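In what follows, chains carry the letters A, B, and so on, assigned in the order in which the sequence lines appear, proteins first and then strands, with residues in each chain numbered from 1. Owing to the predicted nature of the structure, the values given are computational and were not obtained by experimental measurement.
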Amino acid sequence: MGVLLELADANVFRIRSYQNGSRTLGTLTDDLWELVQTGRLVEIKGIGKGLASAIDQAMRDGAWPKDWVELHENTPPGMLEMLDIPGLGPKRIRMMHDALGVTSIEDLRTACESGQVAELKGFGAKSQTKLLDGIDLLARFRSRRRLDVGLMYGEAFQSRVATIDGVLHATLAGSARRRRETIGDLDLVVAVEEENHSAVAEAILALPGIADVKGAGSSKISLILDTEIFDDAFALPHLDANVLDAIGGAEYESMEAGGTIDAQVRLVPPHVAPFTLAYFTGSKEHNIAMRQRAIDLGLRLNEFGLIPEALAGDLKGMDAAVHSLKASSEAEIYAHLGLAYVPPELREDMGEVVAALEQRLPDLLDSTMVRGSLHNHTNLSDGEASLEVMADAAQRMGWSWLGVADHSPTLVIANGASAEDLLAQGATLRSANQEWATQGKEFRLFHGVESDILEDGRLDHPDEVLNELDYVVASVHALGRWRGRDEQTNTEELLKAIDHPATTVLGHPTGRILQGRDGYEVDLMAVL
DNA sequence: GCCGTTTTCGGCCCGACTGTTTTCAGTCG
Ligand SMILES: Nc1nc2c(ncn2[C@H]2C[C@H](O)[C@@H](COP(=O)(O)OP(=O)(O)OP(=O)(O)O)O2)c(=O)[nH]1
Ligand SMILES: [Mg+2]
Ligand SMILES: [Zn+2]
């Protein structure tokens with residue numbers, strides 16, 4: 001609805017309300033049906049009378065409100081597709097629709113090629129060419145990247161920029177810094193003394209791996225990166241065979257190899273860098289909540305500073321920022337606003353600003369607290385590294401222990417290990433532990449298995465084998481079958497698997513494969 | 001369309017870049 005309303009030129013705040021409502025519903029952890037039945041939808045922040053009644057109607061009658069449906073039916077789907085064209089938004093899509101009858105990307109191409117678009121008021125030859133270029137850009141592989149892939153690009157780009165002469169520091173911001181599951185683009189804050197700005201900007205544009213420049217101003221550069229940004233040949237991280245299969249297998253791998261990723265760079269003098277980092281880390285919605293908090297205190301927050309409105313007056317941007325409160329770190333910005341420091345991972349406008357105000361933010365785990373992990377494979381099944389290499393890596397990471405849980409025989413695609421091989425692995429592992437004990441080393445391995453949950457909730461491997469192990473990770477892999485069944489059957493079978501006396505851990509319990517497939521129906525609350 | 005411990009009306013974040021314009025709209029971050 002938010003998008004449809006944009007194309008219909010509705011009030012921007014009304015549009016935002018639909019977008020916020022949608023975002024809130026998407027992240028809701030409560031049972032929506034229960035909220036509908038008890039009439040408590042309006043208690044959700046961002047859901048008012050209008051949206052609540054629409055949701056209520058949809059869930060009870062299975063149909064959205066009539067005017068919503070009509071708007072949807074009256075909007076050509078091609079107009080929605082046109083929104084994917086970079087640099088083209090709802091206003092101009094609507095103008096071309098009204099003036100030239102353009103209702104699809106193909107229509108648009110024709111209109112541009114015939115020169116009609118350039119004739120329109122507010123358009124010109126340049127925008128027409130840019131639209132054609134934009135249509136061509138749609139063909140490139142430009143989907144959101146998994147965090148691990150996005151970080152590979154991000155770290156490669158960051159380190160190249162950080163070593164440019166005159167760069168004081170370069171920090172990856174945006175969704176990568178917030179460690180979202182997927183990354184849309186890379187956002188980099190670069191601190192540079194004013195007098196070096198243009199030299200550094202030039203050096204960035206000359207880096208290897210820059211496929212295209214979308215825009216370059218005095219403080220902001222918009223780029224498209226390709227795999228040349230990497231020092232070494234681009235290599236994807238190793239994935240479970242069944243996971244790789246679900247996200248497209250070899251076809252996916254070759255698309256990644258020829259892929260590109262957008263990058264935004266903000267160049268700022270060092271004393272404003274903390275403000276720019278906070279801005280560029282986002283999320284957008286967190287920024288809006290923070291800026292609202294500033295307004296409530298008579299302050300203006302932007303990427304250059306936190307400025308008392310009384311001193312800012314008519315000054316804008318950087319000029320107003322000379323009156324900014326000082327901050328040498330993000331934490332100081334939060335402190336000026338009476339807020340506890342909000343770690344990037346929580347900056348999603350999910351109530352964290354209020355929680356920071358009331359000093360009741362959760363203490364997040366960090367990597368230094370991790371002492372070990374249990375769901376790891378070796379080359380006995382579909383892992384890449386041997387038991388020894390894995391143990392060595394865990395020790396170098398400072399872990400105290402590592403659990404090894406290779407796949408079980410049923411999972412042929414992941415080279416599930418036989419009972420015999422599994423027990424042999426146990427013997428190797430115990431002698432390694434024995435050796436470390438005699439050497440007085442603190443590190444230990446645990447022996448487990450990732451046992452496939454079979455039909456009707458039984459576990460792979462006979463009980464005699466499972467009983468030999470330190471622990472058992474029970475996981476569903478026959479996702480096709482589980483997706484085809486109803487919630488009740490799936491839940492009962494998961495519960496049965498958990499009830500098995502050998503089961504220690506329930507592996508990847510939703511069955512979702514990120515960017516691959518949705519999870520199966522399950523009552524996760526019952527399972528938990 | 002949503003929201004509110006000053007408010008049930010009148011706000012709703014703020015700025016860079018581009019292309020068109022001769023002062024700004026559209027798009028994006
Ligand atoms: N204040 C404000 N900040 C914004 C706005 N749009 C974007 N930002 C800031 C916060 C974002 O996290 C940051 C980078 O923008 P992106 O569009 O790249 O978003 P983000 O990196 O969060 O997600 P992504 O995975 O790239 O889609 O810029 C906005 O409308 N207002
Ligand atoms: Mg981003
Ligand atoms: Zn698994």
B/dG15 versus B/dC9 - spacing of their P atoms, nearest Å:
31 Å
Sequence neighbours excluded, which residues qualify as salt bridge (Lys or Arg N to Asp or Glu O under 4.0 Å) partners of A/Arg180?
A/Glu348
Check A/Arg109 with A/Asp136, please: is the shortest side-chain N to carboxylate O separation under 4.0 Å?
yes
Using the P atom on both, measure B/dT7 against B/dA25 and round to a whole Å.
35 Å
Between atom CD1 in A/Ile47 and atom C1' in B/dG4, what is the gap in whole Å?
18 Å
Neighbours of DNA chain B within residues 70-79 of chain A, by heavy-atom distance under 4.0 Å:
none
Identify, with sequence neighbours excluded, every residue that meets salt bridge (Lys or Arg N to Asp or Glu O under 4.0 Å) alongside A/Asp319.
none
In 5'-to-3' order, the base (B), backbone-only (S) or no-contact (-) status of each nucleotide in nucleotides 9-18 of chain B, using a 4.0 angstrom heavy-atom cut-off, is ---BBBSSSS
Heavy-atom contacts under 4.0 Å between residues 148-159 of chain A and DNA chain B, which residues?
none
To the nearest 0.5 angstrom, please state how far the NZ atom of A/Lys220 sits from the OG1 atom of A/Thr276.
12.5 Å
Got a sec? Which of residues 167-196 of chain A come in under 4.0 Å of DNA chain B, heavy atoms?
A/Asp187
Using the P atom on both, measure B/dG10 against B/dT21 and round to a whole Å.
38 Å
Listed in order of residue number, which residues of residues 336-357 of chain A have a non-hydrogen atom at under 4.0 Å from DNA chain B?
none
Within residues 97-121 of chain A: residues closer than 4.0 Å to DNA chain B (heavy atoms)
none
May I ask you to check whether A/Thr38 and A/Glu34 show a side-chain donor-acceptor distance below 3.5 Å?
no
With A/Lys45 via salt bridge (Lys or Arg N to Asp or Glu O under 4.0 Å) - residues at least two apart:
none
Would you say the side-chain atoms of A/Gln116 and A/Ser114 include a donor-acceptor pair closer than 3.5 Å?
yes
Whole-Å C1' distance, B/dT27 and B/dT20
14 Å
Can we say A/Asp133 and A/Lys214 salt-bridge, meaning some charged N sits less than 4.0 Å from an Asp/Glu carboxylate O?
no
Sub-4.5 Å side-chain heavy-atom contact between A/Leu225 and A/Leu207:
no
Base paired to B/dT8 (Watson-Crick or G-U; both N/O distances under 3.5 angstrom):
none
Is the backbone of A/Ala320 close enough, under 3.5 Å, to the side chain of A/Ser324 for a donor and an acceptor to pair up by distance?
no
Which part of the nucleic acid, if any, lies within contact of A/Ile15, taking any heavy atom under 4.0 Å across all strands shown: a base, the sugar-phosphate backbone alone, or nothing?
nothing
Check whether any side-chain N or O of A/Ser222 sits under 4.0 Å from OP1 or OP2 of B/dC28, and answer yes or no.
no
A/Ala170: partners by side chain to side chain contact (heavy atoms under 4.5 Å, CB included), with sequence neighbours left out:
A/Gln158, A/Val161, A/Ala162, A/Val167, A/Leu188, A/Val190
With 3.5 Å as the limit, what N/O pairs link the protein to nucleotides 5-8 of chain B?
none

Please check if the side chain of A/Arg177 supplies one atom and the backbone of A/Phe280 the other of a donor-acceptor pair under 3.5 Å.
no
Could you work out the separation of B/dG1 and B/dT8 based on their C1' atoms and round it to a whole Å?
14 Å
Minimum side-chain heavy-atom gap A/Met96-A/Phe123 below 4.5 Å:
yes
A/Asp262 vs A/Arg140, test: salt bridge (charged side-chain N to carboxylate O under 4.0 Å, His left out). Steps then yes/no.
CA-CA 12 Å; A/Asp262 288 4; A/Arg140 75 188 167 90; 3.1 Å; yes
Between B/dG11 and B/dA16 - C1' atom distance, rounded Å
25 Å
Which pairs with one or both residues in residues 17-33 of chain A pass salt bridge (Lys or Arg N to Asp or Glu O under 4.0 Å), sequence neighbours excluded?
A/Arg23-A/Asp349
Do A/Glu330 and A/Tyr334 meet the criterion of a side-chain donor-acceptor pair at a distance under 3.5 Å?
no
Output yes when A/Glu6 and A/Arg94 qualify as a salt bridge under the 4.0 Å nitrogen-oxygen rule, no when they do not.
no
Whole-angstrom distance between B/dC12 and B/dT22, as gauged at atom P
31 Å
Sugar-phosphate, base or nothing in reach of A/Ala125, heavy atoms under 4.0 Å
sugar-phosphate
